[in-house]
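Numbering starts at 1 and runs along the sequence shown.
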Amino acid sequence: MLKTLIIGASGYTGAELAKILTKHPNFELCGLYVSANSLDKDKPISEIYPQLKHLVDLSLQALPDDLHSLAKTADCVFLATAHEVSHQLAPIFLANQCKVFDLSGAYRVDQAEFYTKYYGFAHQYPDLLAKAVYGLAEWNEAQIKQSDLIAVAGCYPTVSQLCLKPLIINDLLDEEQLPVINAVSGVSGAGRKASLTSSFCEVSLNPYGVFNHRHQPEIATHLGREIIFTPHLGNFKRGILATITAKLKADVTVEQVQSAFVQAYQDKPLVRLYEQGFPSIKAVEFTPYCDIAFAVQDQHIIIVGAEDNLLKGAAAQAVQCANIRYGFDPVLGLI
Ligand SMILES: NC(=O)C1=CN([C@@H]2O[C@H](COP(=O)(O)OP(=O)(O)OC[C@H]3O[C@@H](n4cnc5c(N)ncnc54)[C@H](OP(=O)(O)O)[C@@H]3O)[C@@H](O)[C@H]2O)C=CC1
Ligand SMILES: CC(=O)N[C@@H](CCC(=O)OP(=O)(O)O)C(=O)O
């Protein structure tokens with residue numbers, strides 16, 4: 001059993017991790033941590049999430065001052081913390097031979113200036129940025145197996161890239177027209193802490209981050225292709241639905257498109273391709289899947305993808321990456 005810690009365990013993705021890892025046959029959950037001054041320290045996690053009662057009753061502990069000693073007790077740590085917090089924690093755990101699965105954006109893009117521009121802090125660890133592997137599980141298995149620092153892909157970037165990668169690697173898209181990604185996320189995407197924009201009476205359906213959301217460069221960097229990305233906040237709790245419009249090269253057939261998706265995902269059980277109909281939030285919420293369907297008319301293609309932002313978009317994909325890293329079946333403990 002691998003001794004495992006979760007930091008940020010009282011948050012939405014941290015609680016999902018706690019649930020998955022408790023049931024996982026190969027990870028032993030040894031500690032759930034929150035910040036040193038957290039209002040939730042010393043509470044059983046099931047006091048905050050009653051659905052975890054009798055499933056996970058470990059208490060949330062305040063992160064100690066001596067992080068090096070904590071790191072030495074574990075084989076791996078899942079960082080379900082804000083970007084700036086993960087940025088500081090990852091090097092400490094890595095220095096103590098503890099593998100790091102980071103759910104934040106702190107190590108996803110190997111360009112220090114990207115962090116100043118989009119995250120508002122100066123990245124201090126360019127050596128680790130260079131070593132980190134991007135945790136888009138279906139596409140980066142070989143690299144994930146080799147790395148001790150996995151930067152789990154973001155929620156919108158996961159569904160967007162799973163929809164576009166098969167078309168790009170098979171060179172089916174017209175390069176003159178940028179793929180346009182319109183995606184709607186449930187409010188849990190913003191995390192558990194209170195804020196006006198995510199409060200019940202404020203949320204309806206609106207775009208945000210237009211032309212400047214940090215996931216636009218994350219997606220473009222890892223696709224190797226510019227895209228237009230507009231996120232929207234919807235009035236539901238969890239799930240992301242992405243509708244992507246792109247242009248195919250002249251003479252590309254529906255059969256070629258179909259074959260590209262089948263080839264990419266036929267042995268990837270967490271991506272479900274539809275033969276008819278389109279994905280919905282309802283089909284994927286509380287599941288580790290990303291569902292994908294497409295339609296073609298002339299040179300136009302519309303691809304629709306859906307996932308649970310807290311699972312395939314975060315915690316489930318983090319465990320999928322950990323399974324890959326340790327040589328287990330990628331879906332172990334997930335389905
Ligand atoms: N929500 C989502 O859909 C997705 C989130 N992510 C990423 O995952 C990470 C976690 O997100 P989410 O679960 O939504 O966040 P939440 O805001 O729900 O939870 C954050 C957690 O971190 C803890 N925390 C805050 N400050 C510190 C600190 N200094 N040291 C240790 N723990 C701390 C909080 O507890 P306390 O404040 O009480 O200490 C809480 O447990 C973020 O980086 C986010 O970008 C990625 C993909 C999807
Ligand atoms: C609805 C909402 O606010 N969503 C968040 C994205 C989720 C998240 O936490 O971002 P990462 O996937 O990069 O970690 C946002 O737009 O900032």
Side-chain angles (χ1 to χ4, degrees), residues 1-24 27-107 115 119-125 128 132 148-152 187-195 198-199 310-311 314-316 318-319 321-322:
M1 294 285 266
L2 293 154
K3 293 193 186 311
T4 306
L5 309 174
I6 300 171
I7 304 188
S10 69
Y12 287 153
T13 61
E16 293 293 344
L17 281 168
K19 191 169 161 190
I20 297 170
L21 291 169
T22 294
K23 293 185 190 164
H24 197 292
F27 293 95
E28 179 190 358
L29 204 46
C30 296
L32 302 179
Y33 288 90
V34 287
S35 60
N37 299 317
S38 173
L39 296 174
D40 294 320
K41 68 182 175 191
D42 303 326
K43 289 182 191 165
I45 189 171
S46 54
E47 192 176 315
I48 299 174
Y49 295 96
Q51 60 275 42
L52 295 183
K53 215 168 176 50
H54 296 173
L55 283 175
V56 196
D57 286 317
L58 285 176
S59 285
L60 298 160
Q61 301 175 61
L63 212 50
D65 289 339
D66 184 359
L67 291 171
H68 286 276
S69 295
L70 176 65
K72 286 186 176 59
T73 65
D75 297 302
C76 60
V77 64
F78 289 79
L79 302 179
T81 39
H83 318 292
E84 298 86 333
V85 177
S86 289
H87 169 249
Q88 295 301 351
L89 291 177
I92 299 169
F93 284 87
L94 290 167
N96 290 285
Q97 285 69 54
C98 182
K99 295 182 189 11
V100 175
F101 300 93
D102 180 21
L103 278 68
S104 88
Y107 290 91
Y115 289 92
Y119 284 80
F121 68 89
H123 211 290
Q124 291 166 29
Y125 306 104
L128 291 185
D148 290 345
L149 172 55
I150 314 295
V152 181
V187 185
S188 60
R192 180 169 173 258
K193 65 198 165 306
S195 89
S198 58
S199 78
L310 298 178
L311 291 172
V319 175
C321 289

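The distance from the CD1 atom of Ile48 to the CG atom of Leu60 is 5.0 Å, given to the nearest 0.5 Å. Taking NZ of Lys41 as the reference point, atom OG of Ser10 lies at 13.0 Å (rounded to 0.5 Å). Put simply, CD1 on Ile20 and CD1 on Ile6 are 9.0 Å apart, with the number rounded to the nearest 0.5 Å. Distance check: Asp102 CG to Ser86 OG gives 3.5 Å after rounding to the nearest 0.5 Å. Rounded to the nearest 0.5 Å, atoms OG (Ser198) and NZ (Lys193) are 7.5 Å apart. Distance check: Met1 CE to Leu29 CG gives 9.5 Å after rounding to the nearest 0.5 Å.
In terms of heavy-atom proximity, Tyr107 sits nearest to Ala90 at CE1-CB, 3.7 Å. Considering every non-hydrogen atom in both Glu16 and Leu310, the closest pair reads CG-CB, 4.0 Å. Nearest heavy-atom pair, Gly31 versus Gln61, reported as atom, atom and distance to 0.1 Å: CA-NE2, 4.1 Å. Here the shortest heavy-atom pairing between Asn96 and Lys72 reads OD1-NZ, 2.7 Å. The two residues Gln124 and His87 make their nearest non-hydrogen contact at N-NE2, 3.0 Å. In plain terms, the two heavy atoms of Ala71 and Ile92 that are nearest each other are CB-O, 4.2 Å.
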Starting from the C-alpha separation in whole Å, work towards a yes-or-no answer on side chain to side chain contact (heavy atoms under 4.5 Å, CB included) for Leu149 and Phe93. CA-CA 10 Å; Leu149 172 55; Phe93 284 87; over 6 Å; no
* **Stepwise side chain to side chain contact (heavy atoms under 4.5 Å, CB included) check, Leu70 with Val77** => CA-CA 10 Å; Leu70 176 65; Val77 64; over 6 Å; no
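For Tyr12, there are no ring pair (Phe, Tyr, Trp, His ring centres under 6.0 Å) partners two or more places apart in sequence or in a different chain. Scanning for side chain to side chain donor-acceptor pair (under 3.5 Å) contacts around Gln88 gives Tyr125, with sequence neighbours left out. In this structure, the side-chain contact (heavy atoms from CB on, under 4.5 Å) partners of Lys23, at least two apart in sequence or on a different chain, are Leu55. Residues passing the ring pair (Phe, Tyr, Trp, His ring centres under 6.0 Å) test with His83 are Tyr119, sequence neighbours excluded. In terms of the side-chain contact (heavy atoms from CB on, under 4.5 Å) criterion, residue partners of Cys76 (sequence neighbours excluded) are, by chain and number, Thr4, Phe27, Phe78, Lys99, Phe101, Tyr326.
Tested against Thr13 for a side chain to side chain contact (heavy atoms under 4.5 Å, CB included), the candidates Leu311, Leu103, Leu79 yield a single pass: Leu103. Test Leu128, Val100, Leu94 against Asp148 for side chain to side chain contact (heavy atoms under 4.5 Å, CB included) and you get one pass: Leu94.
Side chains of Leu89 and Leu63 form a contact here, defined as non-hydrogen atoms less than 4.5 Å apart. Using a 4.5 Å heavy-atom cutoff, the side chains of Cys30 and Leu5 are in contact.
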Please tabulate, for side-chain N and O atoms in residues 33-40, each donor-acceptor pair with protein atoms closer than 3.5 Å (sequence neighbours left out).
| residue | atom | partner | partner atom | Å |
| --- | --- | --- | --- | --- |
| Ser38 | OG | Asp40 | N | 3.0 |
| Asp40 | OD1 | Lys43 | NZ | 2.8 |
| Asp40 | OD2 | Arg192 | NH1 | 3.3 |

